[in-house]
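Residues take their numbers from the sequence shown, with the count starting at 1. FYI, side chains are in, hydrogens and waters are out, and symmetry mates aren't considered; it's all heavy atoms of this structure.
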Amino acid sequence: DKVCVLSSFRHARIPFHKVNISIIMFDFRENILLTQLQIGNLPRLTRKLDTIQDQTTDSRQCMACSYISVSLPGPVRRHKDRAQNNATTNISPRTQANLRLRLVDMSNSEQALDSTNEAVNKASNEATNPSFAPQHILVTGGAGFIGANFVHWVARNHPQAHMTVLDALTYAGKRENLDGVPAANLTFVHGNICDAELVESLFSGLNQRSAAAVPPIDAIVHFAAESHNDNSILDASPFLNTNVTGTYVLLEAARRHDIRFHDISTDEVYGDLALDEQRKFTELSPYKPSSPYSASKAASDHLVRAWHRTHGLKTTISNCSNNYGPYQHVEKFIPRQITNILAGIRPKLYGQGLAVRDWISVEDHCSAIWTILTRGRIGETYLVGANGEYNNIDVLRMILKLMGRDANDFDHVNDRPGGDKRYAIDATKLQTELGWVPKYTDFKEGLAATIDWYRAHESWWMPDKAGTEEKYRKQGH
């Protein structure tokens, strides 16, 4: 039995006792994954190797890189019972062959080690989580900013999927946001996710145009949320109703009908980071919400996790950084600055504008959601970001220059209470495990395209502009 032990770690220039190490063991003869062990730091590795000896046979395999080499003393014995208790996984012959090729001549090759780890992670994930191909998705909040962009994206890229959009059409949602989506791909239902009777009816076919033509709903992608921080500070009750109670209603419906459930969340549940640190949010970052809005989204996330653990619901969660693009309400930072300039109003900047946000194109967010929905591991959380960190004053000045204005042609206004300093996403898990990469990474180019969209769609945003600015004026913003 040939067993390969792969030792991988992040080789930052830090003491070895701080390096995280994992070991993955494959048996290529029987085509199974023996075990995947999270070791921890280097001192723990030595102790763990004594345990691993009882799981392997007569082969000694060594993996090395420029910082550390790991070898197993033998002869040792593989314990079949232990292997069966470690989530045995069938690996296809083609994957097995690819893995063997990647294992050739690995000594002192960091690039080869990274490549092998990526292949093993992908093979393990594909085997334990076969791809899911949704036929009919219930998209809550699908007439809002990100939801509408997702509906358009799915219709363009996966036209075989039907979508039922459930949206209350509050001030931030418009039915016209879905104009252009082929009728064959869309059923629209005007209603509130807190209405349990209405939600239940969607699964019984009462609101489907033709039970014969449209397959039953097999997935929920949950966008519907109150999401503006300033509004949550003035009155948190709509945030608790929609973001907490609404999520509960949907989870219960998904539980009754055994429906796949993907929750759209935010990086704001993690609080903020210092401006002068290099650290980014990861899936293991503790929850530290700063506002009533982010606290309500944190509660929503916790409900999703609880329904997965308690009821076995097939759930995934994505926490994304700040989005920009078409259909975003003029109350949000980038659309507000663009439409102020188009309307002849001097742009407004909170405080000194030093707060940092991690920007991502809404198109990239949509592709990430589809990737997680269809290939993500059940019960897992994935962070979505595109390494687009900019502080607010730099973003505003970029917009001003792109629109032919002086870079200092704006007014400073009061900052919001409890404003977060910095958001930053580490999307390594999504990229390495599921192979997702952002496509639209030129932020300046993305801003220019967004400016063009708002310039061409004045009739879309102008009816909301005066009321939004009056609300900001009363708040001192």
Okay, side chain of Lys348, backbone of Asn414: is any donor-acceptor separation there less than 3.5 Å?
no

When you look at Ile193 and Val249, which way does the side-chain contact (heavy atoms from CB on, under 4.5 Å) test go after all the steps?
CA-CA 7 Å; Ile193 60 172; Val249 169; 5.9 Å; no

If you define the side chain from C-beta out and look only at heavy atoms, does anything of Phe239 sit under 4.5 Å from Lys297?
no

Measure the shortest side-chain to side-chain distance between Glu469 and Asn340 over non-hydrogen atoms and say whether it is less than 4.5 angstrom.
yes

In terms of heavy-atom contacts, Leu273 and Lys421 come closest through O-CB, 3.5 Å

Does the His162 side chain pair with the main chain of Ala184, one donor and one acceptor, at a distance under 3.5 Å?
yes

Checking the side chain of His308 only, and the main-chain atoms of Glu380 only, is there a donor and an acceptor separated by less than 3.5 Å?
no

Using modelled atom types only, decide if a donor and an acceptor are shared between the side chain of Asn185 and the backbone of Met163 within a distance under 3.5 Å.
no

Closest approach of Pro238 to Glu226 (non-hydrogen atoms, all atoms of both residues)
O-CG, 3.6 Å

Do side-chain atoms of Asp167 reach the backbone of Arg175 as a donor and acceptor pair under 3.5 angstrom?
no

Matching residue for Leu342 among Gln337, Glu458, Met403 - test: side chain to side chain contact (heavy atoms under 4.5 Å, CB included)
Met403

Val214 vs Thr164, side-chain contact (heavy atoms from CB on, under 4.5 Å): CA-CA, chis, key distance, verdict
CA-CA 10 Å; Val214 180; Thr164 290; 5.7 Å; no

What distance separates Leu251 CG from Phe261 CZ, expressed to the nearest 0.5 Å?
4.0 Å

Side chains of Val384 and Ile425: does their closest heavy-atom pair fall under 4.5 Å?
no

Should His457 and Trp453 be marked as a ring-ring contact (aromatic ring centres under 6.0 Å, His included) after you check the CA-CA gap, both sets of side-chain angles, and the distance that decides it?
CA-CA 6 Å; His457 292 82; Trp453 189 89; 4.2 Å; yes

Tell me whether Glu470 at atom CD has more than 12 heavy atoms from other residues, nucleotides or ligands lying less than 6.0 Å away.
yes

Does NZ or CZ of Arg357 come closer than 6.0 Å to the centre of the six-membered ring of Phe333, within 45° of the ring's axis?
no

Look up atom CG in Asp301 and atom CD1 in Ile317, then write down how far apart they are to the nearest 0.5 Å.
4.5 Å

If you draw the axis of the six-membered ring of Phe203, does the NZ or CZ of Arg256 fall within 45° of it and under 6.0 Å from the ring centre?
no

Is the closest basic N to carboxylate O distance between Lys314 and Asp258 below 4.0 Å?
yes

Looking only at atom types and distance, does a side-chain atom of Asp358 sit under 3.5 Å from a main-chain N or O of Gly388, one as donor and one as acceptor?
yes

Quick one: closest heavy-atom pair of Leu240 and Ser296, and the distance?
CD2-CB, 4.4 Å

Assess whether side chain to side chain donor-acceptor pair (under 3.5 Å) is satisfied between Trp436 and Asp364, documenting all intermediate values.
CA-CA 9 Å; Trp436 175 87; Asp364 280 333; 5.4 Å; no

Using atom types as modelled, flag every donor-acceptor pair under 3.5 Å from a side chain in residues 438-447 to any protein atom, sequence neighbours excluded.
residue : atom : partner : partner atom : Å
Asp442  : OD1  : Lys444  : N            : 3.3
Asp442  : OD1  : Glu445  : N            : 3.0

In short, Leu166 meets Asn192 closest at the heavy-atom pair CD1-N, 4.4 Å

Between Arg422 and Glu389, does a salt bridge (charged side-chain N to carboxylate O under 4.0 Å, His left out) hold up when you go through it step by step?
CA-CA 9 Å; Arg422 172 175 168 257; Glu389 286 188 65; 2.8 Å; yes

In Å, rounded to the nearest 0.5 Å, how long is the span from CG of Asp267 to OG of Ser318?
11.0 Å

Ion pair Arg346/Asp409, N-O distance below 4.0 Å
yes

Kindly say whether Val244 contributes a backbone atom to a donor-acceptor pair with the side chain of Ser300 at under 3.5 angstrom?
no

Taking the side chain as everything from C-beta on, heavy atoms only, tell me whether Leu373 gets closer than 4.5 Å to Ile137.
yes

Can you list the steps and then say if Thr339 with Lys465 is a side chain to side chain donor-acceptor pair (under 3.5 Å)?
CA-CA 8 Å; Thr339 55; Lys465 186 62 180 175; 2.8 Å; yes

Counting N and O atoms only, with roles assigned by atom type, does the side chain of Trp461 sit under 3.5 Å from a partner on the main chain of Tyr454, one being a donor and the other an acceptor?
yes

Between the CZ atom in Arg336 and the OH atom in Tyr472, the distance rounded to the nearest 0.5 Å is 5.5 Å

Give the minimum heavy-atom separation between Ala143 and Leu169, together with the two atoms involved.
CB-CD2, 3.8 Å

Please assess Ser285 against Arg279 for the test side chain to side chain donor-acceptor pair (under 3.5 Å), listing each intermediate value before the final yes or no.
CA-CA 10 Å; Ser285 296; Arg279 183 167 58 96; 5.2 Å; no

Salt-bridge present (Glu331, Lys471; N to O < 4.0 Å):
no

Would you mind reporting whether Cys320 and Ile264 have side-chain heavy atoms less than 4.5 Å apart?
no

Is the backbone of Leu383 close enough, under 3.5 Å, to the side chain of Glu283 for a donor and an acceptor to pair up by distance?
yes

Arg156 CZ: over 12 foreign heavy atoms closer than 6.0 Å
yes

Hey, what's the ring geometry for Tyr171 with His329, parallel, tilted or perpendicular (30° and 60° as the breaks)?
perpendicular

Kindly indicate, with the supporting measurements, whether the criterion ring-ring contact (aromatic ring centres under 6.0 Å, His included) is fulfilled by Phe410 and His412.
CA-CA 7 Å; Phe410 62 88; His412 291 275; 5.2 Å; yes

Kindly indicate whether the side chain of Arg305, heavy atoms from C-beta on, has any atom under 4.5 Å from the side chain of Thr381.
yes

Apply side chain to side chain donor-acceptor pair (under 3.5 Å) to residues Ser265 and Asp263 and explain how you reach the verdict.
CA-CA 6 Å; Ser265 190; Asp263 181 46; 4.7 Å; no

Closest non-hydrogen atoms of Ile146 and Cys366, given as atom of the first, atom of the second and distance, are O-SG, 4.2 Å

Before giving the answer on side-chain contact (heavy atoms from CB on, under 4.5 Å), spell out for Glu433 and Tyr382 the whole-Å C-alpha distance, their side-chain angles and the decisive distance to 0.1 Å.
CA-CA 10 Å; Glu433 185 176 301; Tyr382 296 88; 2.5 Å; yes

Return the OG to CD distance between Ser459 and Glu176, rounded to the nearest 0.5 Å.
7.0 Å

Rounded to the nearest 0.5 Å, how far does CD of Gln352 lie from CG of Asn391?
11.0 Å

Side-chain contact test, heavy atoms from C-beta onward, threshold under 4.5 Å: evaluate it for Pro134 versus Asp218 and give yes or no.
yes

Under 3.5 Å, is there a donor-acceptor pair between the side chain of Glu277 and the main chain of Ala274?
yes

Any chance CD of Glu197 has more than 12 other-residue heavy atoms, nucleotides or ligands included, within less than 6.0 Å?
no

I want to check something: taking the side chain as every heavy atom from C-beta on, are Tyr270 and Asn319 in contact at a cut-off of under 4.5 Å?
yes

